[in-house]
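Atoms within each ligand, like the ligands themselves, are counted from 1 in listed order. Keep in mind that what you see is a predicted model, and the values were worked out from it rather than measured.
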Amino acid sequence: MMSTPESRSETIGFVGLGMMGAPMARALGAAGHDLVVHDVRTDIAETLATQIGCKVAPDPRVLGEIASIVITMLPNGKIVRSAVLDGGIAEALPDGAVVIDMSSSEPLATRELGEMLAARGVTLVDAPVSGGVRKAVSAELAIMLGGDDDGVLDRVSPVLGAMGRVFRTGRLGSGHALKALNNYVSAAGLAAACEALIVGEAFGLDPERMVDVLNQSTGRNNSTENKLKPFVLSEKFREAGFAMDLMAKDVGTAADLADALDLPMPGLHDASDLWKRASEALGQGADHTEIYRFLDRMR
Ligand code: NAD
């Protein structure tokens with residue numbers, strides 16, 4: 001959806017300018033939105049603000065004083081909650097303001113945060129994204145929008161439309177649930193492809209040839225098409241731009257959701273366990289594509 005003149009008259013506060021947040025804020029700036037940005041790393045906030053010509057808030061409270069819509073793109077839901085409540089954003093926002101959590105957060109905790117914000121006259125919607133850094137840069141993200149107030153969803157949709165395509169997913173928390181489930185499917189596809197490469201190579205198959213054949217066969221998936229050659233076989237793992245610990249968090253979120261719904265789902269729990277172990281073994285800074293390295297060590 002294109003931005004409308006009405007949505008452009010709101011000041012948008014953007015919190016979290018990392019791998020995803022920076023290009024997303026850039027897309028909002030390019031669409032003509034009035035922006036104020038904040039990150040705990042003031043250096044990256046200042047560099048981005050200089051590049052796109054917007055204001056920097058020295059702390060979250062100041063951002064809340066200026067903005068009527070606040071977007072969070074932070075590592076997880078706990079950090080979102082702490083920035084919004086303890087950081088002073090909620091207290092500073094005017095009545096009728098909206099917080100859009102675009103991070104991959106936990107759906108049940110999102111509902112709780114929504115209730116707390118509603119008591120202060122602020123509406124929370126969840127709008128996590130898929131497509132990675134590549135689609136954030138081209139403003140072609142898939143955006144999963146959940147929320148309880150149709151009027152608010154209509155108000156934020158044109159803003160979100162500057163960063164990608166908006167899919168309404170249902171009530172508050174539904175975007176976060178769908179995002180976690182999507183990443184389970186994505187993580188399982190990547191791990192399966194890496195296991196197949198390792199077994200095939202041990203048998204004497206050529207990995208490049210394997211990827212070519214997988215991509216013309218029924219084993220094809222997003223990872224075989226977009227991750228195996230550019231990041232795994234090339235060993236340029238970290239250029240993929242999605243941290244291993246964030247993927248482990250997302251698969252864990254999907255497993256916790258299944259538990260909360262009393263659904264055993266063995267594949268999901270195995271995947272959650274695998275990604276958690278890989279994340280612990282490879283440590284902070286590892287990219288999710290390094291799941292190959294973790295599996296390869298088992299040769
Ligand atoms: P990142 O670690 O690159 O960026 C997070 C940013 O938040 C950093 O700049 C950090 O300094 C900042 N930050 C942390 N705590 C803060 C706080 N309290 N206040 C202000 N700023 C704070 O992470 P990312 O890859 O951009 O991911 C952000 C979110 O998007 C995560 O929830 C992730 O799961 C999700 N996501 C990532 C990708 C991807 O490909 N990288 C794709 C889809 C969704």
- Query: Which bit of L246 gets closer than 4.0 Å to ligand 1, counting heavy atoms only: side chain, backbone, both or neither?
  - Reply: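 L246 to ligand 1: side-chain contact only, backbone stays beyond 4.0 Å.
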
- Of the backbone atoms (N, CA, C, O) and the side-chain heavy atoms from C-beta on, which set of M102 has a member under 4.0 Å from an atom of ligand 1: side chain, backbone, both, or neither?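 It is neither part, as no heavy atom is under 4.0 Å.
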
Could you tell me the residue and atom name of the protein heavy atom closest to [atom], and the distance to it rounded to 0.1 Å?
atom	answer
atom 36 (N) of ligand 1	S104 OG, 4.0 Å
atom 38 (C) of ligand 1	M20 CG, 3.4 Å
atom 39 (C) of ligand 1	F242 CD1, 3.3 Å
atom 2 (O) of ligand 1	P75 CG, 4.6 Å
atom 22 (C) of ligand 1	L74 CD2, 3.2 Å
atom 30 (O) of ligand 1	M73 CE, 3.0 Å
atom 19 (N) of ligand 1	V40 CG1, 3.6 Å
atom 41 (N) of ligand 1	G241 O, 2.9 Å

- Query: Can any side-chain N or O of D287 pair as donor or acceptor with the backbone N or O of F242 at less than 3.5 Å?
  - Reply: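 Pair found, side chain donor or acceptor close to backbone of F242.
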
- Can any side-chain N or O of K249 pair as donor or acceptor with the backbone N or O of P75 at less than 3.5 Å?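 Yes.
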
- Is the closest basic N to carboxylate O distance between R41 and D43 below 4.0 Å?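 Salt bridge flag = yes for D43 with R41.
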
- Message: Between E140 and R165, does any side-chain N to carboxylate O distance fall below 4.0 Å?
- Response: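 Looking at R165 together with E140, the answer is no, because their closest N to O distance does not fall below 4.0 Å.
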
Quiz question: by atom type and distance under 3.5 Å, do the side chains of [X] and [Y] form a donor-acceptor pair?
X	Y	value
T11	D34	yes
S157	R168	yes
D149	T123	no
D245	H288	no

[X]-ligand 1 polar pair, N/O distance under 3.5 Å:
X	result
K249	yes
A83	no
G132	no

- Hey, is K179 one of the residues with a heavy atom under 4.0 angstrom from ligand 1?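 Distance cut 4.0 Å: K179 passes for ligand 1.
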
- From V129, V80, N76 - option closest to atom 43 (C) of ligand 1 by heavy atom: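 Comparing heavy atoms across V129, V80, N76, the nearest one to atom 43 (C) of ligand 1 lies in V129.
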
- Query: When you measure from atom 6 (C) of ligand 1 to each heavy atom in D39, D86, I79, L141, which option holds the nearest one?
  - Reply: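 That would be D39.
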
- Any chance you could measure R293, atom CZ, to E290, atom CD, to the nearest 0.5 Å?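 The distance works out to 4.5 Å.
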
- Query: Short check: is a protein heavy atom less than 4.0 Å from atom 11 (O) of ligand 1?
  - Reply: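 Protein heavy atom within 4.0 Å of atom 11 (O) of ligand 1: present.
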
- Query: Looking at side-chain heavy atoms only, is the closest gap between T253 and S104 below 4.5 Å?
  - Reply: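 They are not in side-chain contact.
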
